[in-house]
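Below is one structure, written out as C-alpha cells; comments come after it.
Below, read A as the first sequence line, B as the second, and so on, with proteins coming before strands; counting in each chain starts at 1. Worth saying up front: this structure is predicted, and the values here are computed from it rather than measured.
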Amino acid sequence: MRVYVGGLLLLGLAVVLQSAVVSQWRWLQGAPDLPLLVWAAWVTRERRAAPAWFWAFVVGALWGVYSALPPAAGLVVYAAAGLLAQALRRRIWHPPYLLLFLLVFGGSLLTQGLTYGLVRLLMGAAIPFQTALVQVILPTVLLNLLAALPVYAVVAEWADWVLPPDEVPGL
Amino acid sequence: MRVRSLPSWLIVALLLTGLLLLAWGGYLAPVVRLVSAPVLQAQSAVVRYVTAVRDYLRTPTDVQALRRRNQELEAQVAELQTQVALLQQQVADLSLYAALLDFARAHPEHEYKTAQVIGRDPSPFLHYIIINLGSDDGIRPGMPVVSAQGLVGQVVAVIPRAARVRLITDPTSRVSVRVLPSNTEALLMGSVTGDLSLDLVPLDATINPGDLVVTAGLGGAYPPNILVGQVLSTRRLAHALFQEVAVQPATPFADLRLVLVIVNFRPVDIAPLIPTPGATTP
C-alpha cells in the first residue's frame, strides 16, 4: 500500500512541478518532461509493486488534468510509453541506467510524437512536422536525457524511503 | 669641636631634589634618554609576552564566542536576505498591480478581475496558462484576458477555483485584428514557436514595421481596440495572394505572472451563422 501512495505522491508532484515551473525551462521550444522522467525512474527503480503500464496510466491521467488536450489524450500518450517500458523491462534486467536511458529516449520520442499528432488531429493546429521536430521534439528529448540521471537519483532516494530494500516483496 | 654629620635621609632627599630640579630644568635629558631606552624596551617586551600568554590562554573562549556571534550574524543575515527578497517580490508585485490598474483606468468600459498565473500546459506544443480564478469567482469560458501591456488570450475552460486560458501565441489561436493607422483588417495567428503573424493581409495594404496591431472586435470573441502588438516586418512574395506580416506581441508571455480577466464581456458565438458545406438554406 505504501508504495502506491508513495508513487502517486511522487508522480502527482512531478506533474504539478511540470505545470508550475519546469514547462518554462525552454531550450528552443522544447522543455524537460518531468512526469515522464519521474515515471521512467520510478518504473526502473521499483519493479515489483506494480506493472509499468499502471504507473503510465497514473501519469497520463494526471497529465490530462493539466493539459488542454482531451483527458484521454494523456492516457493514450503515456499508455504507449507504458507498453514500451513493459517490452524493455522483459529484455533489460540488470543495468538500471541502460533501461532508464532507453525508456527516457524512447518514451520522449513516443510521447512527443504522439502529442504532436494529437494536437494536429484533435485541435487542428497546423504545425509543420519539421518545425515540430527541430523546435520541440528533439530539444525535449535532449533535455530529458540530460535530466534523466539527476531525476533518477532523487527518485531512487524516494523509493528507498518509501519502500526500504529489505521490505520489497519477494526479496 | 665636633661637627655633626647630616642625617643620611637628608642627604638623599637633597640629592633627589637636586636631580629633580636638574631634570625639570632639562639638564639631565641625555642621561634620561640613555637610561630610559633599555628600561622601555624591557617594559615593552614584558607587556608583549604577557599579552601573548594571556591571548593564548583566552583564545578558546574567544573562538567559541566568535563562532557563536558568527552564527548569530549569519542567521540574522539569512533572515534579512529573506526579508529583502520578500520585499523585492512585493515591490515587483506592486509595480505589476500598478500597471494593471493603469490599464484598467485606460479602459474603463470593462470590468476586470485580477488573476495570478499558477501554471502552464505541460506540453510544449500548446500555449495555455492556468489562472487562480474560476467559476466561483464569476469566470466563464470565452472571457478575454489581458495584461498591462495588451491582449493575452481567452478563457477556454473553467473549474470552480481555476481556469485555463489559451494564449494568442497558441498554434490554434486566431484573433481578428486591425493594423493602425491603415485600418487594415487581418487575422492574427499563433504558432508553436510563439511567433505571431498576420494572415489575409492584402498585397496592396500599406503596412509598415512599427504599426500597431489592435483587436478588431469582429467575430465576437474579443472586444475591439485592445493592443496586441506591433508589426515587426512585412514581406511580399511574388506569387502570393497575401502579405506575410510578423508581429511582436505587446505582452511578455515568457514572464506572465498577473493578468486581468474582462468579466463583463460576453463573447458571441457566430458558429451557427457560418455556412457549412452540404447545409441547406430554408
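- Between the CE atom of Met123(A) and the OG1 atom of Thr172(B) there is a distance of 5.0 Å, given to the nearest 0.5 Å.
- By the 6.0 Å contact criterion, CZ on Phe253(B) is enclosed, its count of non-hydrogen atoms from other residues, nucleotides or ligands being greater than 12.
- Of the atoms belonging to Ser23(A), it is side-chain heavy atoms, and not backbone ones, that fall under 4.5 Å from chain B.
- By the neighbour-count criterion of 12 heavy atoms within 6.0 Å, atom CZ of Phe54(A) is densely surrounded, having more than that number from other residues, nucleotides or ligands.
- Within 6.0 Å of CD in Gln89(B) there are more than 12 heavy atoms belonging to other residues, nucleotides or ligands.
- The minimum heavy-atom distance between Val192(B) and Gln29(A), with the atom names listed, is O-OE1, 3.4 Å.
- Annotation: salt bridge (Lys or Arg N to Asp or Glu O under 4.0 Å) contacts of Asp93(B) (sequence neighbours excluded): Arg257(B).
- Counting heavy-atom neighbours within 6.0 Å of Phe57(A) CZ, excluding the residue itself, gives a total of 12 or less.
- For Thr111(A), no part lies under 4.5 angstrom from a heavy atom of chain B.
- Interface residue Ser67(A): backbone and side-chain heavy atoms are both found under 4.5 Å from chain B.
- With a 4.5 Å cut-off on non-hydrogen atoms, Leu28(A) does not touch chain B at all.
- Contacts between residues 142-171 of chain B and chain A, counted as heavy-atom pairs separated by less than 4.5 Å, involve Arg164(B), Pro171(B).
- Residues of residues 118-136 of chain B lying within less than 4.5 angstrom of chain A, judged on heavy atoms, are Ile118(B), Gly119(B), Arg120(B), Asp121(B), Pro122(B), Ser123(B), Pro124(B), Phe125(B), Leu126(B), His127(B), Tyr128(B), Ile130(B) in numerical order.
- For Glu157(A), the CD atom is loosely surrounded, since the number of other residues' heavy atoms within 6.0 Å does not exceed 12.
- With a 4.5 Å cut-off on non-hydrogen atoms, Val65(A) touches chain B through its backbone but not through its side chain.
- Sparse packing is recorded around CH2 of Trp53(A), with 12 or fewer heavy atoms of other residues, nucleotides or ligands lying under 6.0 Å away.
- Not counting sequence neighbours, Asp204(B) has no partner by the side-chain hydrogen bond (donor to acceptor under 3.5 Å, both in side chains) test.
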